[in-house]
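Just so you know, these numbers come straight off a predicted model, no measurement behind them.
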Amino acid sequence: MIAFTAALEPLRLANRAAGAPLYDWRLFSADGAGAEASNGVRVCADGAFRDAPGLDAVVVCAGVDVHLVDHHDLLSALRRLCKSGTAVGAVCTGAYVLARAGLLDGYRCTIHWENRPGLTAGFPDLEVGDELFEIDRDRFTCAGGVAAADMMLSLIRKDHGEALARAVAEQLIHQRIREPGERQRPDLGKRPGTAHPKLQRVLEMMEASIGRPLSIEEFAGSVALSPRQLERLFIEHLGVPPNRHYVNIRLEHARHLLRQTRMSVLDVAMTSGFNSASYFSQSYLERFGHSPRAERKATPA
């Protein structure tokens, strides 16, 4: 809902600020009936996907468990619109739908950081960044949340200039229009407890080597520390030894895959750097209080 309204309201406010109907829009759902958001709010639709006429642009809005939904009618409509020259965009997990339709092949894209592991696992050839939003020719995607407003403000600025985009941002009480190259989450060095440059470097290496884990000795050597010195650094700043923190990073990655993909538990374990299924299951149980299989069963079918 927040991504939906953050994408729509800048268009309404652009019309208001310009005193002219610069933009108009219609809403479409699978069957033309209203759609219910995860917060229980229902939104009326103007028609079904198959009835969508020629449009200048289309924006796909999707939410949780997007990979479990049959998007057949939507995929067909998107491909048809794309062939007629419609610009195609997405907010939040809508990027997954565009990927399913094959409409992100050869384009830069982004998605909410929590859904990035699932998207890259399902579509390994996509160029998926961790930016707030991406505008690449006639494709535009964003991480969702309030980043949708930044993306739409950027598009308004492209269409009608800086002054109008700034006027809309002021109506939104949005002090600064963020740029597409900005990251979704703070840099590791700006997070609490991670300001030490050598610690920051090791954390970056850990997040970049989930599928092929490195040894603590390799991490320590990369920043000219002994393993004991690196352990003291982790305990001082993060309260846990480096091996435990590294395992936790890989387990979080595994949880995203279990929730967002249909990969087998064994494949999830291997992709997350666990060569032993039993060690993976035990570690998962200790971290989250239930097994990987229980996590998968808890995901709606």
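A donor-acceptor distance shorter than 3.5 angstrom exists from the side chain of S276 to the backbone of Y279, with no hydrogens or angles considered. Judged by distance alone, the side chain of E218 and the main-chain N or O of S215 form a donor-acceptor pair under 3.5 Å. Between the side chain of R26 and the main chain of D46, no donor-acceptor pair closer than 3.5 Å is present. With hydrogens and angles disregarded, no donor-acceptor distance shorter than 3.5 Å links the side chain of S272 to the backbone of A269.
D73 and S76 are not linked by any side-chain donor-acceptor pair at a separation below 3.5 angstrom, with hydrogens and angles left out of the test. Neither side chain, H67 nor N115, offers a donor N or O lying under 3.5 Å from an acceptor on the other. Between the side chains of S209 and Y246, at least one donor-acceptor pair of N or O atoms lies under 3.5 Å. With hydrogens and angles left out, the side-chain atoms of Y284 and E295 include a donor and acceptor closer than 3.5 Å.
Between I249 and M206, the shortest heavy-atom distance links the atoms CD1-CB, 3.9 Å. Closest of all the heavy-atom pairs between H253 and P117 is CE1-CB, 3.6 Å. Contact record, A101 with R79: O-NE, 3.1 Å, taken as the closest heavy-atom pair.
With respect to D150 and R178, a salt bridge is recorded, a charged nitrogen being found less than 4.0 Å from a carboxylate O. Here E134 does not pair with R139 in a salt bridge; the nearest charged N to carboxylate O distance is not below 4.0 Å. R228 and E231 are not joined by a salt bridge, as no carboxylate oxygen comes within less than 4.0 angstrom of a charged side-chain nitrogen. Taking a cutoff of 4.0 Å between a charged side-chain nitrogen and a carboxylate oxygen, R157 and E179 qualify as a salt bridge.
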task: Starting from the C-alpha separation in whole Å, work towards a yes-or-no answer on ring-ring contact (aromatic ring centres under 6.0 Å, His included) for Y23 and H160.
output: CA-CA 11 Å; Y23 299 98; H160 300 289; 5.5 Å; yes
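By the 4.5 Å heavy-atom criterion applied to side chains, M205 and S222 are counted as neighbours.
The aromatic ring centroids of H245 and F219 lie 6.0 Å or more from each other.
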